[in-house]
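Only one structure is covered here, and it is reproduced in the block below.
If you're wondering where the values come from, they're calculated on a predicted model, not measured in any experiment. Residue numbers run from 1 in the order of the sequence given.
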Amino acid sequence: CAACHNEEPEAVTRGRVHYEQFCGLCHGANGEGYLSPRANALNNPEFLKSASNEFLYMAITQGRPGTQMSPFGKDFAGPLDDDMVSDLIAFMRYWSREAPLKLSTDTVEGNIEDGKAVYANECQLCHGKDGDGAIGLSLNNPVFLNSASDGFLKYGVEKGRSNTSMIGYENRLSEKAIN
């Protein structure tokens with residue numbers, strides 16, 4: 001039947017319920033973000049393209065220590081089992097319906113001292129002197145750093161995040177500066 005083709009998959013329907021119960025209060029009913037300070041936009045196209053399912057899984061289950069993002073995985077004393085987390089990820093993926101990009105898992109080679117200068121000039125105002133967040137999100141969170149590949153970070157710097165103050169630097173900085 002024609003109407004049957006417009007129905008969302010069952011995992012998405014279940015994930016929607018979990019999202020409404022556990023995520024929407026801070027991240028917004030439609031994933032628009034920032035209802036709670038620093039609760040990022042989960043429906044952001046650049047974020048969804050660059051975030052792997054493993055990255056999302058770790059963020060959901062382990063949270064972001066030191067922030068309002070609590071761990072929601074049962075192994076971390078949260079309410080969600082692995083099936084519920086999988087359904088939640090399916091729901092989030094349904095916003096874009098595009099498979100995530102296959103970003104490089106290689107370590108980016110760069111000069112730390114040069115990177116400190118680039119960070120001070122381009123990033124510190126929003127992300128804080130030590131990456132602890134100011135206007136923008138914190139970048140120094142241990143769970144974030146353990147789950148974000150260099151490819152994910154580089155993509156974020158290059159492309160930015162539409163509808164946020166995070167601009168893309170691919171046309172402003174050299175690849176060396178980004179690295």
Side-chain angles (χ1 to χ4, degrees), residues 1-103 105 126-127 131-149 151-153 155-157 159-166 168:
C1 75
C4 297
H5 297 291
N6 292 327
E7 291 180 22
E8 64 187 20
E10 288 181 25
V12 172
T13 302
R14 290 189 305 265
R16 180 185 309 280
V17 172
H18 304 321
Y19 182 86
E20 289 170 356
Q21 183 176 3
F22 299 109
C23 312
L25 181 65
C26 295
H27 291 281
N30 299 305
E32 65 275 16
Y34 306 102
L35 295 183
S36 175
R38 300 189 188 152
N40 66 308
L42 299 174
N43 71 357
N44 180 283
E46 292 83 18
F47 173 72
L48 288 173
K49 278 187 219 175
S50 60
S52 68
N53 286 352
E54 295 78 17
F55 176 87
L56 296 174
Y57 177 87
M58 287 182 72
I60 294 165
T61 59
Q62 296 181 36
R64 296 289 187 244
T67 74
Q68 293 179 350
M69 176 62 187
S70 300
F72 283 88
K74 282 215 184 267
D75 290 344
F76 297 89
L80 303 177
D81 63 29
D82 281 350
D83 289 338
M84 295 166 83
V85 173
S86 293
D87 291 344
L88 189 50
I89 292 170
F91 171 70
M92 291 170 60
R93 292 277 177 227
Y94 201 67
W95 279 322
S96 101
R97 302 185 196 167
E98 286 185 45
L101 297 171
K102 300 288 187 210
L103 298 173
T105 57
C126 294
H127 293 288
D132 52 349
I135 299 165
L137 301 175
S138 67
L139 300 175
N140 66 359
N141 188 280
V143 173
F144 172 75
L145 292 173
N146 285 334
S147 59
S149 68
F152 173 85
L153 297 172
Y155 183 87
V157 171
K159 303 297 182 188
R161 298 284 192 247
S162 58
N163 301 316
T164 75
S165 57
M166 178 61 192

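- Remark: R93 is not positioned above the aromatic ring of Y57, lacking an NZ or CZ atom under 6.0 angstrom from the ring centre and at most 45 degrees off the axis.
- By the 30° and 60° cut-offs, the orientation of the rings of F91 relative to Y19 is tilted.
- A distance of 9.5 Å separates CG of D75 from CD of Q62, quoted to the nearest 0.5 Å.
- Taking CZ of R64 as the start and CG of L137 as the end, the distance is 9.5 Å to the nearest 0.5 Å.
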Verdict with supporting geometry, I89 and I60, side-chain contact (heavy atoms from CB on, under 4.5 Å): CA-CA 9 Å; I89 292 170; I60 294 165; 3.9 Å; yes
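- Here CE of M69 is found 8.5 Å from CG of N40. Values are rounded to the nearest 0.5 Å.
- In this structure, F144 CZ and S138 OG are separated by 8.0 Å, a value rounded to the nearest 0.5 Å.
- With rounding to the nearest 0.5 Å, the separation of OG in S50 from NZ in K159 is 11.0 Å.
- Heavy-atom neighbours of N140 CG from other residues, nucleotides or ligands within 6.0 Å: above the threshold of 12.
- To the nearest 0.5 Å, atom CG of residue L35 and atom NE2 of residue H27 are 9.5 Å apart.
- Proximity of a side-chain donor or acceptor of D87 to a complementary backbone N or O of T13 within less than 3.5 Å is not detected.
- For S147, the side-chain hydrogen bond (donor to acceptor under 3.5 Å, both in side chains) criterion is met by no residue, not counting sequence neighbours.
- Around CD1 of I135, the count of heavy atoms belonging to other residues, nucleotides or ligands within 6.0 Å exceeds 12.
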CA sep, side-chain torsions, deciding dist, call: H18, F72, side-chain contact (heavy atoms from CB on, under 4.5 Å): CA-CA 11 Å; H18 304 321; F72 283 88; over 6 Å; no
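- A donor-acceptor distance shorter than 3.5 angstrom exists from the side chain of E32 to the backbone of N30, with no hydrogens or angles considered.
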